[in-house]
Structures are given as C-alpha cells and as structure tokens.
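Read the numbers this way: they start at 1 and go in the same order the structure lists the ligands and their atoms.
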Amino acid sequence: MLNLAVFGSGSGSNYQAIAEAIAAGRLNARVACVISDVKEAYILERARKFGHPAIYLDCAPFKTKLDGEAEARAIEIIKQHGGDIIALAGFMRIVKSGLLNAFAGRIINIHPSLLPAFPGLEAGRQAIEAGVKETGCTVHFVDGGIDSGPIICQRKVPVLPGDTEETLMNRIHEQEHLAYPEALQKIAEG
Ligand code: GRF
C-alpha cells in the first residue's frame with residue numbers, strides 16, 4: 001500500500017480524484033497528509049472534508065521553490081505522518097535536492113500536456129498557440145528539471161476547433177482525474 005503525501009497549491013481536484021479512487025477501492029493507497037504552501041488553498045478544505053491531515057507549510061522567504069527551512073519541515077511532516085510517496089498535484093513550486101534526495105524515485109507529478117511537449121506554465125495555452133490537434137496529460141517521476149523525469153502514463157485529449165484555453169483545460173482535467181489514480185495504482189502494483 002502506498003502512503004501518499006499530496007502537495008498542492010490550488011483547487012485540489014486531482015487530490016480529490018485520488019481520494020475517491022482510494023475510497024472506491026481502485027487505488028491501494030492511503031493519504032498520509034495533504035500539504036499546501038497556500039493557506040487558503042481549496043485543496044486543504046477538501047482534505048479536511050475527507051478527514052485527511054491538512055497542513056499549511058509556510059515556504060517563505062522563497063516564492064517559486066521549496067527549499068531551506070520549509071523543505072526540512074516538509075520532510076519532517078511527511079515522516080511524522082508515515083508518508084512514503086509524494087504526489088505533486090498542482091504544487092506551484094520547484095522541489096529541490098533536499099526533498100529529491102530524501103524521497104529519491106518516490107516523487108510523482110501530473111502535468112497538463114503530453115510531455116516532453118509544452119512543459120512549464122500555461123500548457124493548455126501553449127498547445128492552442130502551437131496549433132496541435134492533440135494534447136493531454138502526463139504523470140511522471142520528478143527529477144531535478146521542470147516537468148522532466150520518467151513518464152508513468154499519459155492520456156490523450158483532442159484539441160477541437162474553437163477551443164479556448166478554458167474548454168481545453170476542462171477536457172484535460174477530466175483525463176487527469178483518471179490518469180493520476182491509474183499511475184499511482186501502477187506503482188502500488190510495483
Ligand atoms: C493540473 O492541471 C495539473 O496538471 C497541474 O496543476 C493542475 C492542478 O489542478 N500540475 P488541481 O489543483 O488538481 O485541480
């Protein structure tokens with residue numbers, strides 16, 4: 001069984017999909033804790049509703065990375081709660097070597113494109129601007145790069161004529177909510 005420490009900065013719909021897959025018996029895992037760098041993030045609210053430990057982590061003085069004291073605190077919190085796999089789910093910070101080394105090969109991320117295409121921010125907008133007919137989402141292991149690291153699974157989504165960033169991202173999100181639990185179950189099965 002996987003003991004998941006879920007990290008997110010925003011809505012937490014992927015966390016919710018993971019929690020629902022566990023409740024439905026489709027994913028052999030337990031949510032050890034949910035950590036957010038944003039105090040008011042809806043992911044923490046969702047976690048409280050599920051009865052999972054919901055923890056706000058102040059990441060100051062850094063704005064775009066998890067480093068220094070906050071990184072050390074994150075490692076401590078995860079260990080206290082018995083977490084052994086980190087699932088990044090909309091966590092808007094770069095994870096650095098302290099966490100990468102403490103959880104080597106055990107940090108997973110989801111990204112809204114078919115990587116290696118369109119890494120970084122606004123992947124939906126990037127896909128529309130590039131004029132591709134197809135995009136999707138990718139669940140992958142995290143290494144030192146941005147949205148790089150070995151791919152665990154991908155799901156495809158068509159880009160339709162007239163798509164806005166919003167309509168496309170909605171379609172991608174639906175697939176993300178299937179892909180993340182599937183990828184984690186793959187890991188749970190070894
Ligand atoms: C998802 O699109 C994910 O691919 C990206 O951030 C978004 C998080 O959405 N990394 P949510 O907070 O899970 O709803």
Side-chain angles (χ1 to χ4, degrees), residues 4-23 26-27 29 31 33-50 52 54-57 59 63-66 85-96 99-100 107-130 132 134-159 163-184 187:
L4 301 172
V6 183
F7 279 60
S9 307
S11 158
S13 68
N14 279 286
Y15 152 71
Q16 171 118 13
I18 290 167
E20 285 173 356
I22 293 171
R26 280 184 284 119
L27 171 56
V31 175
C33 57
V34 177
I35 298 176
S36 181
D37 59 326
V38 178
K39 208 175 196 165
E40 305 303 326
Y42 191 52
I43 190 171
L44 291 178
E45 185 63 34
R46 293 190 202 253
R48 286 187 282 267
K49 283 187 188 151
F50 271 99
H52 295 145
I55 298 141
Y56 163 61
L57 180 70
C59 294
K63 291 208 158 50
T64 57
K65 62 178 180 177
L66 174 59
I85 299 269
I86 297 176
L88 304 179
F91 187 60
M92 299 305 287
R93 287 175 183 268
I94 297 165
V95 296
K96 307 297 287 184
L99 197 72
L100 287 168
I107 308 182
I108 323 293
N109 183 44
I110 187 158
H111 182 76
S113 75
L114 298 174
L115 291 171
F118 314 131
L121 296 174
E122 301 187 326
R125 180 198 298 252
Q126 291 187 55
I128 289 173
E129 285 177 0
V132 294
E134 193 173 64
T135 181
C137 61
T138 303
V139 184
H140 65 95
F141 288 104
V142 174
D143 62 12
I146 293 188
D147 301 320
S148 57
I151 290 171
I152 303 163
C153 84
Q154 295 187 308
R155 291 182 78 99
K156 292 176 179 170
V157 161
V159 183
D163 256 341
T164 61
E165 194 179 346
E166 194 188 349
T167 58
L168 177 59
M169 286 308 296
N170 287 340
R171 201 174 305 119
I172 293 175
H173 271 131
E174 286 173 15
Q175 296 305 310
E176 286 189 335
H177 298 161
L178 300 172
Y180 217 159
E182 273 172 18
L184 292 171
I187 295 169

Answer yes or no: does an N/O atom from [X] fall short of 3.5 Å to an N/O atom of ligand 1?
X	value
M169	no
G12	yes
Y15	no
H173	yes

Please list the nearest protein heavy atom to [atom] with its residue and the distance rounded to 0.1 Å.
atom	result
atom 6 (O) of ligand 1	G90 CA, 3.4 Å
atom 3 (C) of ligand 1	E176 OE2, 3.4 Å
atom 14 (O) of ligand 1	S13 OG, 2.5 Å

Should we count NZ of K156 as having more than 12 external heavy atoms under 6.0 Å? no
Would you call L66 and K96 a side-chain contact if the rule is heavy atoms closer than 4.5 Å? no
Begin with the C-alpha distance, continue with both residues' side-chain angles, and end with the deciding distance and a verdict on salt bridge (charged side-chain N to carboxylate O under 4.0 Å, His left out) for R155 and E176. CA-CA 8 Å; R155 291 182 78 99; E176 286 189 335; over 6 Å; no
Checking S13 against H173 for the side chain to side chain donor-acceptor pair (under 3.5 Å) test, could you report, in this order, the C-alpha distance in whole Å, the side-chain angles of both residues, the deciding distance, and whether it holds? CA-CA 8 Å; S13 68; H173 271 131; 4.8 Å; no
Please find the pair of heavy atoms, one from Y56 and one from D37, that lie closest to each other, and give the distance. CE1-O, 3.5 Å
Closest non-hydrogen contact found for I151 with L115 is CD1-O, 3.5 Å
Please could you name the atoms of ligand 1 that I110 approaches to less than 4.0 Å, counting only its heavy atoms? 3 (C), 4 (O), 5 (C), 10 (N)
Can you tell which part of H111 has a heavy atom less than 4.0 Å from ligand 1: side chain, backbone, both or neither? backbone
State the CG-CZ distance between L88 and R93, to the nearest 0.5 angstrom. 12.5 Å
